[in-house]
Structures are given as C-alpha cells and as structure tokens.
Amino acid sequence: MPGIEALLSLIGPAYLAYYGFTVPVMVVWAILCAALWIWNNRPGKRQNGGAGRSRSASLIFFVFVATCYVAAHTGVYLLVQHLAGLWA
C-alpha cells in the first residue's frame, strides 16, 4: 500500500506536540520521514529497474517531497498542540 509510511509518519508530530517538543525537532522528523519515503520509492528499487533520475532532478524532487512533509507535519503538530492545551 503506497503512502502508508506517509500516514504513519504523522504519529511523530502528534507525539512531539503532546509532550512539548519544539518545532525544530518536528522539522527534523519530517525531513527524515521524507528521506525514508524517497529511499523506499527510488526508481532503482522498482521491479523493472527503471532508469534513475539525474542528480539535480533527484535533489529538486527531494526538496519538493520534504516541503510537503514539513507542511503536513506542521499542521498535525499545531493541531495536537492546540488540543493538548485544551485538555490541560
């Protein structure tokens, strides 16, 4: 199931927000999750062994994926931090 690791990675910012970790820790978590997603979905890992991307294209793709991960993780982090403040 593609994308399951992306959904499971959202548990991290919820945990970090609930226990009061700072935003930079959450950003590092998001970048590590993006790197793991890129690694698990690299072109060389496919069944047909497709042609790889150039180095610059790979870097641009990683920056795009990491930006998406940071945005999604920030949303979850802020939501849980707000809810944790209401529960306290």
Side-chain angles (χ1 to χ4, degrees):
M1 293 179 60
I4 192 87
E5 67 265 8
L7 292 174
L8 287 176
S9 73
L10 293 176
I11 295 170
Y15 174 84
L16 296 172
Y18 186 76
Y19 286 104
F21 286 87
T22 59
V23 173
V25 174
M26 184 271 310
V27 171
V28 169
W29 173 263
I31 292 171
L32 289 174
C33 289
L36 180 64
W37 187 87
I38 291 287
W39 179 258
N40 285 337
N41 294 298
R42 65 191 183 277
K45 190 176 177 184
R46 294 189 187 133
Q47 292 274 340
N48 59 7
R53 295 182 198 97
S54 68
R55 194 174 295 259
S56 62
S58 295
L59 182 62
I60 291 170
F61 186 63
F62 174 72
V63 169
F64 174 73
V65 170
T67 303
C68 292
Y69 266 79
V70 169
H73 283 70
T74 300
V76 170
Y77 180 87
L78 293 175
L79 176 67
V80 173
Q81 191 176 37
H82 175 73
L83 293 176
L86 294 177
W87 292 329

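Note: hydrogens, waters and symmetry copies are ignored here, and every other heavy atom, side chains too, is used. The structure displayed is predicted, hence computed values, not measured ones.
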Practice item. Flag yes if V76 and L32 sit in one hydrophobic cluster, no otherwise; membership is Ile, Leu, Val, Met, Phe, Trp, Tyr, and two members link when side-chain heavy atoms are under 4.5 Å apart. Key: no
Practice item. Provide the closest heavy-atom pair for A14 versus V80 in the form atom of the first, atom of the second, distance. Key: O-CG1, 3.4 Å
Review point. So T67 and V70, side chain to side chain contact (heavy atoms under 4.5 Å, CB included) or not? Walk me through it.
Key: CA-CA 5 Å; T67 303; V70 169; 5.8 Å; no
Exercise for review: Establish whether L7 and L36 are linked, either directly or via other cluster members, by ILVMFWY side-chain heavy-atom contacts under 4.5 Å.
Suggested key: no
Review point. Do V63 and V27 share a hydrophobic cluster, counting only Ile, Leu, Val, Met, Phe, Trp and Tyr and linking them when any side-chain heavy atoms are less than 4.5 Å apart?
Key: no
Check your understanding: From I38 CD1 over to L59 CG, what is the distance, rounded to the nearest 0.5 angstrom?
Key -> 10.0 Å
Review point. Looking at P13 and Y77, what are the two nearest heavy atoms and their distance?
Key: O-CD1, 3.7 Å
Check your understanding: Side-chain contact, heavy-atom cut-off 4.5 Å: L10 with Y15?
Key -> no
Practice item. Work out which heavy atom in V65 is nearest to a heavy atom in A34; give both atom names and the distance. Key: CG1-CB, 4.1 Å
Point to revise | Sidechain-backbone polar pair: H73 side chain, V28 backbone, donor-acceptor under 3.5 Å | key: no
Exercise for review: Check M26 against T74 and note the closest heavy-atom contact, atom names and distance.
Suggested key: CE-OG1, 3.4 Å
Check your understanding: Side chains of E5 and N41: closer than 4.5 Å at any heavy-atom pair?
Key -> yes
Study note, to complete from the structure: Value for CD1 (I60) from CZ (R55), rounded to nearest 0.5 Å, stands at 13.5 Å
Point to revise | Stepwise side chain to side chain contact (heavy atoms under 4.5 Å, CB included) test for W29 and C33 | key: CA-CA 6 Å; W29 173 263; C33 289; 3.5 Å; yes
Point to revise | W87 (side chain) donor-acceptor with H82 (main chain) under 3.5 angstrom | key: no
Practice item. Could you tell me which non-hydrogen atom of Y18 sits nearest to which non-hydrogen atom of A84, and how far apart they are? Key: CD1-CB, 4.0 Å
Review point. Hey, any chance Y19 and L78 share a hydrophobic cluster, counting ILVMFWY side chains that come within less than 4.5 Å of each other, even indirectly?
Key: yes
